[in-house]
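Right, one structure below, let's go through it.
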4 protein chains.
Amino acid sequence: MAKTEKRPSRAEQKARRPQEILEAAFEEFTAKGYAATRVEDVAARLGVTKGTIYLYFPTKEVLFEEMFRHMSTPFKDVLASVGTFQGSYANRLRALLLLAYEKIPNDRKTRELLRLTLSDGTRFPDIVDRHFDEFIAPLVAAVRALVEEGVSAGEFRRGAAANYPDVVASSILHVAVWRLMFADRRPLDGPAFIEAHFDLALNGLLQRS
Amino acid sequence: MAKTEKRPSRAEQKARRPQEILEAAFEEFTAKGYAATRVEDVAARLGVTKGTIYLYFPTKEVLFEEMFRHMSTPFKDVLASVGTFQGSYANRLRALLLLAYEKIPNDRKTRELLRLTLSDGTRFPDIVDRHFDEFIAPLVAAVRALVEEGVSAGEFRRGAAANYPDVVASSILHVAVWRLMFADRRPLDGPAFIEAHFDLALNGLLQRS
Amino acid sequence: MAKTEKRPSRAEQKARRPQEILEAAFEEFTAKGYAATRVEDVAARLGVTKGTIYLYFPTKEVLFEEMFRHMSTPFKDVLASVGTFQGSYANRLRALLLLAYEKIPNDRKTRELLRLTLSDGTRFPDIVDRHFDEFIAPLVAAVRALVEEGVSAGEFRRGAAANYPDVVASSILHVAVWRLMFADRRPLDGPAFIEAHFDLALNGLLQRS
Amino acid sequence: MAKTEKRPSRAEQKARRPQEILEAAFEEFTAKGYAATRVEDVAARLGVTKGTIYLYFPTKEVLFEEMFRHMSTPFKDVLASVGTFQGSYANRLRALLLLAYEKIPNDRKTRELLRLTLSDGTRFPDIVDRHFDEFIAPLVAAVRALVEEGVSAGEFRRGAAANYPDVVASSILHVAVWRLMFADRRPLDGPAFIEAHFDLALNGLLQRS
DNA sequence: TATGAATGAGCTTTCATTCAT
DNA sequence: CATGAATGAAAGCTCATTCAT
């Protein structure tokens with residue numbers, strides 16, 4: 001029982017290398033952008049040398065792309081649970097948006113990948129599509145489904161907002177961008193913001209009595 | 001009448017140069033980001049050589065900073081007109097948000113500067129503050145003022161949304177980010193989105209009968 | 001009569017230009033050496049622009065060469081007066097060396113041209129020869145002539161020093177190099193040094209009683 | 001025994017590199033001066049490329065400074081042996097000056113560093129001080145000490161020359177400058193010059209019988 | 001005559017990539 | 001596996017020189 005969870009064996013260490021590199025690459029690329037990041041910086045963060053990086057990834061571009069893929073955690077899966085939600089549609093929508101807040105602006109990985117998508121999307125068109133398929137489309141689809149069901153059930157108003165569900169979720173992006181831009185320099189009161197968002201969105205959607 | 005509008009004289013050319021350069025720089029920097037843009041690209045866009053750029057701007061960094069300053073058109077001034085708005089607070093808010101849509105996601109300059117702020121804000125902290133002071137703060141302040149007046153007048157509900165006006169305006173940022181990210185690849189139906197936004201926000205804010 | 005000696009007329013101004021340029025070039029070239037001096041620096045010192053320099057001198061190299069020629073004042077002429085010296089050979093030698101001190105280490109022009117000869121002689125072999133012909137050879141010849149006459153007259157000892165007159169004059173170069181190297185940071189007591197030089201040289205040369 | 005003295009191993013090569021570079025830099029910088037030397041010239045002399053130089057030295061300026069430090073061999077140490085000299089003060093002084101001739105004008109390294117001190121001392125003030133502390137000050141101090149002892153012992157005359165020992169040593173600088181300036185184009189008969197120097201200096205210093 | 005905008009060749013420095021050890 | 005010395009292709013910046021005004 002002694003050696004359990006001790007430092008990894010050489011073999012384990014080796015197996016872990018690629019992931020370590022991708023994680024180090026994430027830190028560097030998100031901090032400085034693709035062009036301004038040097039392969040050596042990534043290596044230095046791991047305490048290895050440039051050559052080692054090239055042992056696992058053939059070029060800086062591939063490193064970037066694989067890092068992006070590795071760090072973008074599946075949001076679709078999370079959304080799968082939406083189907084199991086119970087209660088009023090208002091509460092279901094609230095729960096869904098809460099999930100999105102957790103996964104997008106509050107999750108550093110997702111948030112920083114959004115930055116990369118905006119800054120280096122020109123050079124890596126794939127990541128833009130990926131970002132859309134991974135985050136935007138599923139979220140919008142889930143919101144739309146819920147809103148439509150709520151409308152059918154007579155809980156939500158029919159109207160422009162119901163037809164364009166992005167607008168219901170757009171505050172989420174606002175928080176993400178705010179955090180990317182200001183970090184700790186202008187902290188944002190997350191819970192209060194979310195509360196205001198729910199207040200506005202649900203009042204905006206609910207049938208007027 | 002003959003020679004009017006011929007090629008500019010030497011003096012005219014010179015007077016125009018700095019602006020031409022700043023505008024070319026805007027195109028290049030926004031297309032590729034600071035690090036990936038070469039001074040020579042900016043020059044080539046104007047049909048001149050690198051050296052010419054350095055005749056007007058001492059370093060690439062200064063070129064970037066002055067470009068940013070030159071291209072960020074005052075939003076505060078636009079907002080000044082808000083005070084003159086008439087009619088219901090709902091309409092006034094609608095007019096205010098429309099102004100913001102025009103000036104932020106629909107104005108290519110502002111939109112692209114937002115991208116730069118996100119991608120190169122780390123290297124140029126000034127532009128982050130500038131962006132905040134120039135766009136975010138005035139807009140939030142204007143929305144807050146209007147909402148508070150609307151609440152006082154009994155037209156708007158008191159509530160979380162009224163206390164956190166960012167949430168009312170956040171869809172604007174959503175459109176900006178969407179356009180930056182997808183450009184023409186996934187066009188966004190602007191008018192429909194705006195309509196949905198107003199529908200949601202005003203229903204969310206108005207006193208329930 | 002009032003305006004006599006007032007500011008020069010345009011024609012005079014023009015006629016003076018080349019010299020002004022050469023003098024400005026002297027300041028710049030001696031301060032930074034040939035390679036590190038920019039033509040624009042020379043122009044700026046005169047309050048004109050680069051183009052003006054090229055109106056008078058076709059290239060930077062020619063400017064340098066002509067500057068060198070222009071600033072190297074004839075030492076030979078000065079030495080001509082040596083033939084008229086009277087009195088003991090010791091006194092004549094003293095007078096000759098004093099002339100050399102005035103013309104070489106104490107004359108800023110000559111001193112600085114010595115620096116250029118050492119630093120840029122590789123690129124401009126002419127100036128080395130020029131320096132030799134203009135300063136070294138005449139001085140050594142004059143010293144040699146005087147010493148030989150002094151020996152013939154029985155006033156100076158025959159001996160190694162008399163055969164190699166450079167050694168008699170070498171302290172002069174020492175002062176020049178010292179001043180070039182240390183300028184005002186380690187001032188050299190000129191009169192005391194010269195006195196010591198005469199003391200040593202004359203005692204070294206005079207017949208032992 | 002076979003492979004001994006074959007091409008150096010990677011490790012040996014690496015250990016040697018910095019010195020190789022400094023020596024190549026010495027050749028280039030002394031031949032053309034700081035400004036006119038290209039880092040690529042230094043590299044080419046070693047058969048490597050520019051990049052290699054920057055692997056060892058961060059900037060051209062640092063390369064120059066470290067080269068200067070590396071090539072200036074301690075003169076002070078040599079002078080330490082002066083204290084052990086025996087015999088007449090004339091002979092001791094002769095021995096001391098001979099040491100100085102060996103170390104300053106006859107040693108190519110020292111001689112060329114003198115050239116750099118004169119040509120690039122403005123840009124690198126440190127090397128001027130270094131040159132003073134390393135060569136000038138110790139030499140003058142040693143001469144002074146010996147002369148003073150010789151005066152105390154009654155062997156040397158009291159007088160101006162004894163008070164200003166630079167003058168006794170100044171011929172040494174003369175030879176250095178001559179060689180820097182004329183190299184092989186006007187060779188200087190070293191031994192004869194030195195003989196003349198001793199003849200003059202000792203006769204100039206010794207008590208007149 | 002004088003200007004100064006513009007050029008283009010060249011220099012310093014950087015960095016992705018390779019490869020012998 | 002890992003290293004890190006070396007490369008070479010840029011990229012930022014400079015400056016002698018030109019030329020339209």
Side-chain angles (χ1 to χ4, degrees), chain A residues 10-11 13-14 17 35-43 46-63, chain B residues 7 9-18 35-43 46-63, chain C residues 10-11 13-14 17 35-43 46-63, chain D residues 7 9-18 35-43 46-63:
Chain A
R10 288 182 63 113
Q13 172 73 347
K14 245 181 258 184
R17 261 292 135 87
T37 294
R38 302 176 319 150
V39 172
E40 195 156 17
D41 295 337
V42 176
L46 269 177
V48 301
T49 57
K50 274 184 294 187
T52 304
I53 306 294
Y54 282 92
L55 237 40
Y56 296 89
F57 303 94
T59 65
K60 187 184 170 185
E61 290 211 339
V62 168
L63 173 61
Chain B
R7 75 167 63 161
S9 78
R10 208 88 189 302
E12 287 167 339
Q13 178 71 313
K14 190 213 158 172
R16 212 170 290 173
R17 263 292 133 84
T37 295
R38 302 176 317 152
V39 172
E40 196 157 17
D41 295 338
V42 176
L46 272 176
V48 298
T49 58
K50 273 185 294 192
T52 302
I53 307 295
Y54 284 95
L55 234 41
Y56 296 88
F57 302 95
T59 65
K60 187 184 169 186
E61 290 211 339
V62 168
L63 173 62
Chain C
R10 289 181 65 112
Q13 173 71 345
K14 246 183 258 183
R17 260 292 132 85
T37 295
R38 301 175 321 149
V39 172
E40 196 157 15
D41 296 338
V42 176
L46 268 178
V48 299
T49 58
K50 276 184 292 188
T52 303
I53 307 293
Y54 283 92
L55 237 40
Y56 296 90
F57 303 95
T59 67
K60 188 184 170 186
E61 290 210 338
V62 168
L63 173 62
Chain D
R7 74 166 63 161
S9 78
R10 208 89 191 302
E12 289 167 339
Q13 178 72 315
K14 190 211 157 169
R16 209 170 294 173
R17 264 289 133 86
T37 295
R38 302 174 320 151
V39 173
E40 195 157 17
D41 296 336
V42 176
L46 272 176
V48 300
T49 59
K50 278 183 291 192
T52 302
I53 306 295
Y54 284 94
L55 236 40
Y56 296 88
F57 302 94
T59 65
K60 187 183 168 185
E61 289 210 340
V62 168
L63 173 61

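Chain identifiers are assigned alphabetically (A, B, ...) following the order of the sequence lines, protein sequences preceding nucleic acid strands; residue numbering begins at 1 within each chain. As the structure is a prediction and not an experimental result, all values here were calculated from the model. Below, each value reflects all heavy atoms present in this structure, side chains not excepted, and no hydrogens, waters or symmetry copies.
We find that CG of Leu46(B) is positioned 15 Å from P of dA5(E), with the value rounded to whole Å. Note: CD1 (Ile53(D)) to P (dA5(F)) measures 14 Å, nearest angstrom. Rounded to an integer number of Å, the gap from Phe57(A) CZ to dC1(F) C1' is 15 Å. Atom P of nucleotide dA10(F) and atom NZ of Lys60(A) are separated by 15 Å, given to the nearest angstrom. Counting to the nearest Å, the P atom of dT14(F) and the CD atom of Glu40(B) are 15 Å from each other. Atom CG of Leu63(D) is separated from atom C1' of dT13(E) by 13 Å (rounded to the nearest Å). To the nearest angstrom, P of dA5(F) lies 18 Å from OH of Tyr54(D).
Position along DNA chain E of the nearest nucleotide to Lys50(D) versus Val48(C) favours Val48(C) as the more 5'-ward residue. Projected onto DNA chain F by closest heavy-atom contact, Val39(B) and Ala36(C) fall at different nucleotides, the more 5' of which corresponds to Val39(B). Residue Thr49(C) is the one, among Thr37(A) and Thr49(C), whose nearest nucleotide of DNA chain E lies closer to the 5' end (criterion: closest heavy atom). Taking the nucleotide of DNA chain F with the nearest heavy atom to each of Gly51(D) and Gly51(B), the more 5' of the two is matched to Gly51(D).
The two residues Lys60(A) and Thr37(A) come nearest to each other via the heavy atoms NZ-O, 2.8 Å. In plain terms, the two heavy atoms of Ala35(D) and Ala35(C) that are nearest each other are CB-CB, 3.7 Å.
Looking at heavy-atom distances under 4.0 Å, Tyr56(B) makes contact with sugar-phosphate atoms alone, never a base.
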DNA chain E in dot-bracket form (Watson-Crick or G-U pairs under 3.5 Å, [ ] crossing, | inter-strand) is .||||||||||||||||||||
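When distances are taken from the side chain of Arg38(B) to each of dC15(F), dA11(F), dT17(E), the shortest belongs to dA11(F). The side chain of Leu55(A) approaches dC1(F) more closely than any other nucleotide in the set dT1(E), dA5(F), dC1(F).
Contact annotation: Thr52(C) side-chain N/O to dA2(E) OP1/OP2 distance is not under 4.0 Å.
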Compile the donor-acceptor pairs under 3.5 Å between side chains in residues 48-59 of chain D and protein atoms, sequence neighbours left out, one pair per line.
| residue | atom | partner | partner atom | Å |
| --- | --- | --- | --- | --- |
| Thr52(D) | OG1 | Thr49(D) | O | 3.4 |
| Thr59(D) | OG1 | Glu61(D) | N | 3.4 |
| Thr59(D) | OG1 | Val62(D) | N | 3.1 |

